[in-house]
Amino acid sequence: MKLAKLYEPQQYEPTIYALWETAAAFAPNPNKDKGVYSIVMPPPNANGNLHMGHALMTAVEDILIRYHRQKGQSTVFIPGADHAGFETWVVFEKQLEKEGKNRFDFSREELYSMVWEFVAAQRGNMEIQLRELGASADWSKLVFTLDKNVIETAYKTFKKLWDDGLVYRGKRLVNYCTKHHTGFSDIEVEYEDRTTPLYYLKYGPFILATTRPETKFGDTGVAVHPDDKRYSPYVGKEIEIMGVNGPFTIKVVADKHVDPKFGTGVVKVTPAHDFNDWDIAQRHNLPVIQVIGLDGRLTERAGRFAGMTVLEAREAIAKALEEKDLLVKVERDYKNRVGVCYKCKTVIEPMLMDQWFINMKPLAQPALEAIKQGDITFYPSSKGKVLINYLKGVRDWNISRQIPWGIPIPAFQNVNNDEDWIFDTRVEEETIQIDGKTYRRDPDTFDTWFSSGQWPFIVTQANPGGDLSDYYPTSVMETGHDILYSWVSRMIILGLYSANKAPFKDVYLHGLVLDSHGQKMSKSKGNVLNPQEIVQKFGSDALRMGIIANRGAGNNQAFSQAAVVSGRNFANKLWNIARYIEDTIGDDYKERAPTPESLADHWALRQLDRANTRITKLLDTYRFNEAYETLYHLIWNDIADWYIEASKVSLNKPLLAYTLETLLKITHPFAPFVTETIWQTLKWEEDMVINSSWPEPYQEYTVRSAKAFTELREVITEARFVANELGAGKQRLLFTDDKLISDNHELVRQLANLHAVEKVDQPRGLRLALVKHEAWLDVDEHTLRKHHAKLEKRLETTREQIKRFELRLNNKAYIAHAPEKVVAQTREQLTEHQALRERLAKELQVLRGFSQK
RNA sequence: GGGCGCUUAGCUCAGCUGGCUAGAGCAUCUCGUUUACACCGAGAGGGUCGGGGGUUCGAAUCCCUCAGCGCCCACCA
């Protein structure tokens with residue numbers, strides 16, 4: 001035998017993957033007669049390692065890819081690697097710090113090439129890991145997010161937005177991390193509940209509450225609600241305030257933003273350091289004064305407090321105010337929500353900066369319509385609603401980042417005129433000359449999402465491995481639900497804008513893979529599971545099946561090692577089915593004519609056909625867990641438990657071969673390695689299962705024979721059940737004149753583990769509670785009596801069920817309204833249960849007879 | 001405050017357009033080494049589908065309501 005007793009995945013997986021790769025099995029079929037199918041892989045971070053989320057992502061995407069490839073579509077799975085702008089920059093800068101270096105000691109070019117080397121050293125790891133996960137991606141089509149074509153396309157789009165007036169340079173408040181020295185877009189900011197003191201200050205004639213006394217040097221107004229009678233005399237007036245650095249005057253404005261019920265109903269307005277205050281200042285023409293610098297320290301404007309950090313200044317100023325008797329009280333345990341940097345948790349400072357913004361409203365409109373019209377279908381559908389809700393309130397997108405690791409923004413500013421900006425892609429030059437004027441380049445880079453938002457059309461229409469335009473729009477975008485806004489929405493928006501078509505037809509969103517206790521995996525908690533370790537331990541197929549089992553779309557769910565173990569066992573089960581078949585018919589058996597002979601043959605063909613139809617339907621609707629469950633039951637409960645066992649009594653070699661071949665084909669998307677290993681070990685016709693065709697519906701069986709087999713199954717199951725209950729060891733089964741049992745007595749004997757199945761003239765012993773057949777277990781009176789109580793209980797349940805069916809059928813409305821099929825089914829059930837009742841009652845009578853003796 | 005979910009067996013979760021006795025994996029109990037498989041086989045127990053109301057011949061599924069939990073967004077001077 002070629003197949004070992006135990007399937008040990010580690011022994012085969014690398015070889016199998018290499019086999020596919022050298023055979024170029026992942027390349028799209030040039031024949032597009034059956035249509036095209038494409039998935040663009042969300043590019044993993046080029047310098048990182050894969051986590052469980054990637055394992056789930058790969059499982060789902062690769063199942064779809066392999067399935068559609070087998071269906072004969074020209075299928076491509078396009079891999080990518082992400083430079084991951086800010087993410088990678090954070091890791092790099094940390095390392096730089098460790099070496100005692102500072103980013104400001106280097107030029108942009110120097111830093112860029114340093115990070116490039118840093119990433120290059122790591123690159124390849126994640127590609128190896130994707131291979132381990134079995135991703136059948138076409139590696140010749142891999143795109144790195146900093147490839148020339150990517151940058152060129154990003155520039156083209158930026159130019160188009162520029163020309164269309166959809167991108168603008170604006171001095172705005174942006175979310176700024178003072179540790180990482182960069183601004184963010186609105187959706188990148190995380191919010192946390194923090195305890196902050198709430199200071200009540202004397203402010204001229206008012207008392208007002210603030211959490212940020214350190215910004216008071218930037219105050220340019222005081223605001224009250226327009227309807228607030230307490231303060232209406234002051235509105236519009238300039239009032240004098242005593243401050244820590246002496247008196248100053250300030251204007252009182254009325255603005256609806258102010259909540260009269262909060263604090264004292266008076267707000268100081270600091271336009272340069274608060275988003276709402278900025279808005280108030282815009283509405284009332286208040287000046288803007290910056291008192292916090294990009295380094296997070298107070299500026300000269302703060303007088304003797306200049307140079308202090310925000311927190312230092314807060315304490316110092318509060319103290320100074322107290323000394324001047326300007327501090328009324330402090331609420332120490334006030335809780336408020338503050339924006340923090342999602343990497344370092346530093347409090348985000350709203351900072352007045354010149355940045356490039358994309359005007360989102362006009363761009364979001366077509367995306368909204370596309371989703372509403374159903375041009376894009378979401379799985380789960382609720383995520384479509386979430387996205388619509390987001391797009392309706394979408395705000396302008398800040399795409400400038402003050403980090404060197406990314407695509408340089410192709411814009412230059414006239415050194416003599418701040419307002420004069422031009423588009424130019426000569427970003428490697430610090431300054432350029434045009435018409436005798438000198439322009440200095442923008443030192444910033446694009447937000448990573450600006451280029452990755454164009455990913456689907458970049459990798460299809462500008463793929464360095466060849467034109468893949470025919471594969472745009474892609475078939476489905478599969479990614480994590482946590483990047484619905486940051487990525488999926490931008491892809492839709494920019495796809496519609498640049499390529500005039502939504503970038504994908506379907507969106508399938510998976511949830512987070514949590515640890516076994518339902519906690520989010522994170523390095524700090526130390527609960528991160530490494531997919532590689534799981535693969536090493538249980539095999540790639542096991543991880544794939546374990547991670548999709550019992551998992552619905554869009555929901556976060558705990559990782560279950562038990563499910564992976566179950567997947568490993570399942571792979572082993574399939575392996576052993578193959579072993580049995582190899583042992584029975586040899587490893588080079590070629591005949592596959594699936595001509596059913598025995599009842600089991602007919603039944604097996606029907607089960608295969610039914611399962612195949614069902615799995616096909618489920619995969620077409622992204623119901624992976626149900627598809628897997630269906631497959632699991634087909635293989636384990638139908639084929640292994642029944643058909644293989646039945647074939648030991650009546651062997652049909654070609655049909656056995658056909659069964660295995662079909663199983664390998666439909667299992668392949670779920671368990672690519674074990675199926676290919678078996679396929680390669682047995683010499684099947686087609687060279688590789690990855691290239692095999694998905695089985696067509698096959699109905700060359702007779703339903704009557706298939707049903708007859710299910711009746712035999714009932715006989716066997718009942719015999720097993722009763723024998724088990726009696727606990728009296730191997731039994732003898734008797735029947736009078738039953739053709740089905742007579743014809744299949746050996747099958748019944750073996751599968752029910754009986755001593756013998758015999759035809760008798762006078763039955764004796766315990767009659768089986770069967771509806772359609774009469775059979776007895778040849779047990780003695782003593783055993784029979786023990787069984788009495790159990791029989792009574794069964795009769796009782798049967799009676800209850802009959803009552804329920806009768807009740808339903810006596811309901812005229814039910815007969816009138818329910819579909820005929822359902823009614824007929826109920827009638828049938830009633831008849832069957834009535835027959836069962838008769839038999840059980842009769843049996844009990846016999847038993848009572850014994851008891852009375 | 002706005003939006004989106006979740007609550008089903010001891011645990012983790014499936015259950016599509018309402019229709020078999022509500023399912024799976026793991027766990028539990030009983031029996032079993034019959035050469036494909038102990039990563040196994042045969043069998044069993046276990047759920048008033050969060051509570052209440054409604055629509056319907058029929059509700060885990062649709063609607064309302066209450067309770068609990070979670071996520072996202074906005075606001076928090």
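Because only heavy atoms are used, hydrogens play no part in the values below, and waters and symmetry mates are left out as well, while side chains stay in. Because the structure is predicted, anything quoted here is derived from the model rather than measured.
Legend: residues meeting side chain to side chain contact (heavy atoms under 4.5 Å, CB included) with A/Thr831, ordered by chain and number and at least two apart, are absent. Considering only residues two or more places apart in sequence or on other chains, A/Asp506 meets the side chain to side chain contact (heavy atoms under 4.5 Å, CB included) condition with A/Thr377, A/Tyr379, A/Val476, A/Tyr622. Judged as a side chain to side chain contact (heavy atoms under 4.5 Å, CB included), and not counting sequence neighbours, the contacts of A/Asn556 are A/His481, A/Leu512, A/Leu514. By the ring-ring contact (aromatic ring centres under 6.0 Å, His included) test, A/Phe217 is found to be paired with A/Phe305, residues two or more places apart in sequence or in another chain being considered. Applying the ring-ring contact (aromatic ring centres under 6.0 Å, His included) test to A/Phe184 and every residue at least two apart in sequence or in another chain returns A/Phe86.
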Open item on the list: At under 4.0 Å between heavy atoms, how does the protein contact nucleotides 7-14 of chain B? Give one character per nucleotide, 5' to 3', with B, S or -.
Closed with: -----SBS
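Comparing A/Glu8 and A/Ala223 by the nucleotide of RNA chain B that holds the closest heavy atom to each, the one mapping nearer the 5' end is A/Glu8. Taking the nucleotide of RNA chain B with the nearest heavy atom to each of A/Gly263 and A/Leu6, the more 5' of the two is matched to A/Leu6.
Taking 3.5 Å as the limit, the base of B/rC37 and the side chain of A/Lys573 contain a donor-acceptor pair of atoms between them. You won't find any donor-acceptor pair under 3.5 Å spanning the side chain of A/Lys5 and the base of B/rA38, going by distance alone.
In this structure the side chain of A/Ile548 never reaches within 4.5 angstrom of the side chain of A/Asn625, judged on heavy atoms.
Comparing the C1' positions of B/rG32 and B/rU17 gives an interatomic distance of 46 Å, to the nearest angstrom. With both ends at atom C1', the span from B/rU33 to B/rC40 equals 10 Å, rounded to whole Å. Across B/rU56 and B/rA14, the matching P atoms stand 32 Å from one another, rounded to whole Å. Straight-line distance between the C1' atoms of B/rC49 and B/rA24: roughly 16 Å, to the nearest whole Å.
Of all nucleotides listed (B/rC4, B/rG25, B/rC57), B/rG25 comes nearest to the side chain of A/Tyr632. Comparing atom distances between the A/Arg568 side chain and each of B/rC39, B/rA77, B/rU21 picks out B/rC39 as nearest. Considering only side-chain atoms of A/Arg804, the nucleotide from B/rC37, B/rA74, B/rU21 that sits closest is B/rU21. With B/rC4, B/rA42, B/rU21 as the candidates, the nucleotide lying closest to the side chain of A/Ser382 is B/rC4. With B/rG3, B/rC37, B/rG43 as the choices, the nucleotide that has an atom nearest any side-chain atom of A/Asn724 turns out to be B/rG43.
To the nearest angstrom, P of B/rA77 lies 15 Å from NE2 of A/His273. Put simply, NZ on A/Lys730 is 15 Å from P on B/rA42, counting in whole angstrom units.
Heavy-atom distances under 4.0 Å link RNA chain B to A/Thr717, A/Arg720, A/Phe721 of residues 712-721 of chain A, given in residue order. Of all the residues in residues 535-543 of chain A, not one reaches under 4.0 Å from RNA chain B with any non-hydrogen atom.
Of the possible polar contacts, one joining the A/Ser560 side chain to the A/Ala563 backbone as a donor-acceptor pair under 3.5 Å is found. Without hydrogens or angle criteria, A/Trp575 side chain to A/Ala4 main chain gives a donor-acceptor distance under 3.5 Å. Side-chain atoms of A/Asp541 come within 3.5 Å of backbone atoms of A/Phe673 as a donor-acceptor pair (strictly under, hydrogens ignored).
The salt bridge (Lys or Arg N to Asp or Glu O under 4.0 Å) contacts involving residues 616-628 of chain A comprise A/Arg623-A/Glu626, where partners must be two or more places apart or lie in separate chains. Residue pairs meeting the salt bridge (Lys or Arg N to Asp or Glu O under 4.0 Å) criterion with at least one partner in residues 714-723 of chain A, sequence neighbours excluded, are A/Glu718-A/Arg794. Screening residues 384-396 of chain A for side-chain hydrogen bond (donor to acceptor under 3.5 Å, both in side chains), with sequence neighbours left out, gives A/Tyr168-A/Asp396.
Dense packing is recorded around NZ of A/Lys648, with more than 12 heavy atoms of other residues, nucleotides or ligands lying under 6.0 Å away.
Where pairing requires Watson-Crick or G-U contacts shorter than 3.5 Å, the helical stems of RNA chain B with at least three consecutive pairs are B:1-7 with B:67-73, B:10-13 with B:23-26, B:28-32 with B:40-44, B:50-54 with B:62-66.
Here A/Phe262 counts as stacked on B/rA77: its ring centre is under 5.5 angstrom from the base ring centre and the planes meet at under 30°.
Between the side chains of A/Tyr814 and A/Thr826, at least one donor-acceptor pair of N or O atoms lies under 3.5 Å.
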